[in-house]
Enquirer: 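Below are the structure tokens for one structure; questions will follow.
Letters A, B, ... are given to chains in the order of the sequence lines, protein chains preceding strands, and every chain is numbered from 1. Just so we're clear, the structure is a prediction, and the values are computed from it rather than from any experiment.
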Protein chains: 2
Amino acid sequence: MPRAKSTPDTAGRILDVAEELVQVRGFNAFSYADIAAELGITKAGLHYHYPGKAELGEALIDRYTGRFNAALEHIGGRDAPAAAKLEAYVQLYADVLSARRMCLCGMLAAEYQTLPEELQTAIVGFFDHNEAWLAKLLAQGRRDGSIRFEGSAKDTARMIISGLEGAMLVARPYGDPGQFRKSAATLVAALTK
Amino acid sequence: MPRAKSTPDTAGRILDVAEELVQVRGFNAFSYADIAAELGITKAGLHYHYPGKAELGEALIDRYTGRFNAALEHIGGRDAPAAAKLEAYVQLYADVLSARRMCLCGMLAAEYQTLPEELQTAIVGFFDHNEAWLAKLLAQGRRDGSIRFEGSAKDTARMIISGLEGAMLVARPYGDPGQFRKSAATLVAALTK
DNA sequence: GTCTATAGGCAGATAGAC
DNA sequence: GTCTATCTGCCTATAGAC
């Protein structure tokens with residue numbers, strides 16, 4: 001997934017800063033003051049662009065999901081065996097972690113019970129779309145022979161997503177991206193050998 | 001892992017309530033007021049038992065880790081094939097999730113960057129011990145022939161722990177313990193066959 | 001051990017000037 | 001669009017009575 005591109009507009013810069021704060025600290029552990037200080041504007045100025053934290057959160061998920069889904073489309077459009085596409089999928093997660101960040105929606109999943117309903121719905125949507133995309137890829141891999149797995153493509157897709165999210169979650173306290181790469185490789189190896 | 005037993009003493013009841021709050025909402029999303037209201041005492045009363053949130057958090061992790069490790073010892077002491085012990089290990093996680101809770105240390109891992117240093121150290125300790133215990137179990141399973149896996153026992157152990165934590169993380173927004181069970185079963189089947 | 005009372009700070013949010 | 005100023009509420013924490 002491409003990083004958030006540098007945005008000259010204030011609304012976009014707010015999202016850039018807020019996104020990093022949520023991915024590193026969580027939605028409940030950052031404040032408008034944090035963003036304001038980072039951007040050199042006042043808290044009141046932020047409310048002009050995003051009236052409340054809920055609206056800011058929605059915008060964050062929307063942009064993140066859009067960027068992620070675009071990356072999935074890009075991978076899906078390649079002319080390559082499914083196994084190679086699966087590796088590219090794993091790399092999306094590795095890229096996030098290499099910036100010492102958790103997946104935005106993985107972080108929000110932890111805080112799920114404390115979030116406004118609109119955010120909750122958007123989080124589930126993120127995982128639903130990932131699961132559908134990945135299940136389709138796995139089915140393709142079974143056909144082209146590059147991926148072998150037992151059980152349904154849907155269950156396997158869900159397990160891979162869970163495994164990658166969990167590997168990010170556990171690797172971060174160790175501050176070691178290599179640990180994530182190893183875990184992810186172990187997971188993929190078990191599926192594609 | 002056995003649930004926290006009902007404790008007549010105030011210090012223990014505080015931990016009971018705080019534990020659920022952290023597992024459901026996170027460390028940064030509960031307050032002394034929440035606990036006080038639940039127990040029918042005042043916030044000031046809590047500070048007598050736990051001077052600050054950091055001390056309360058330490059006590060939470062210590063008790064949780066102790067209970068978890070005791071469950072591991074219990075499983076390890078059984079006369080059973082390693083594969084059966086692995087299933088019992090998975091069940092520890094399933095039991096936590098069936099109470100609509102996240103693993104305490106998994107939740108804290110998400111919030112890692114915002115926590116006091118003593119808590120951070122304790123969280124890593126939890127995962128270290130789990131990994132060592134599980135790696136030993138896997139090695140035993142390889143010897144007794146009940147578990148098959150490629151790569152090192154340590155890497156496989158780490159992937160299993162990550163996968164289980166991630167499966168809890170992702171399953172909770174769906175409010176469906178069955179989803180966790182399926183993911184966990186798929187994970188174990190893929191890694192140990 | 002638990003209470004009342006309160007301190008001091010920061011949260012999210014708004015009104016209105018510019 | 002961004003500011004100053006301010007509101008209200010909740011947070012963690014403490015002092016001191018009982």
Enquirer: Is B:Lys53 positioned over the aromatic face of B:Phe27, cation under 6.0 angstrom from the ring centre and no more than 45 degrees off axis?
Expert: yes
Enquirer: Write out all pairs satisfying side-chain hydrogen bond (donor to acceptor under 3.5 Å, both in side chains) with one or both partners inside residues 178-192 of chain B, taking only residues at least two apart or from two chains.
Expert: A:Arg158-B:Gln179
Enquirer: How close do A:Leu134 and A:Tyr89 get, counting heavy atoms only, and between which atoms?
Expert: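 A:Leu134 and A:Tyr89 have their closest heavy atoms at CD2-CE2, 3.8 Å.
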Enquirer: OP1, OP2 of C:dG1 versus side-chain N and O of B:Thr10: anything below 4.0 Å?
Expert: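 No, B:Thr10 has no side-chain N/O under 4.0 Å of OP1/OP2 on C:dG1.
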Enquirer: Is the A:His129-A:Phe68 ring centre distance short of 6.0 angstrom?
Expert: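 Ring centres of A:Phe68 and A:His129 not closer than 6.0 Å.
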Enquirer: Under 6.0 Å from the CD atom of B:Gln113, do we count more than 12 heavy atoms belonging to anything else shown?
Expert: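 Yes.
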Enquirer: Round to the nearest Å and state the distance from B:Ile14 atom CD1 to C:dT2 atom C1'.
Expert: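 It is 11 Å, rounded to the nearest whole Å.
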Enquirer: Could you state the OH-P distance from A:Tyr50 to D:dT2, rounded to the nearest angstrom?
Expert: 12 Å
Enquirer: Can you list, in residue-number order, the parts of residues 28-49 of chain A that come under 4.0 Å of DNA chain C, counting heavy atoms only?
Expert: A:Phe30, A:Ser31, A:Tyr32, A:Ala33, A:Lys43, A:Ala44, A:His47
Enquirer: Could you check how far NZ of A:Lys53 sits from C1' of C:dT14, rounded to whole Å?
Expert: 18 Å
Enquirer: Please check this pair: side chain of B:Gln23 against backbone of B:Met102, looking for a donor-acceptor N/O pair closer than 3.5 Å.
Expert: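 At least one qualifying donor-acceptor pair exists.
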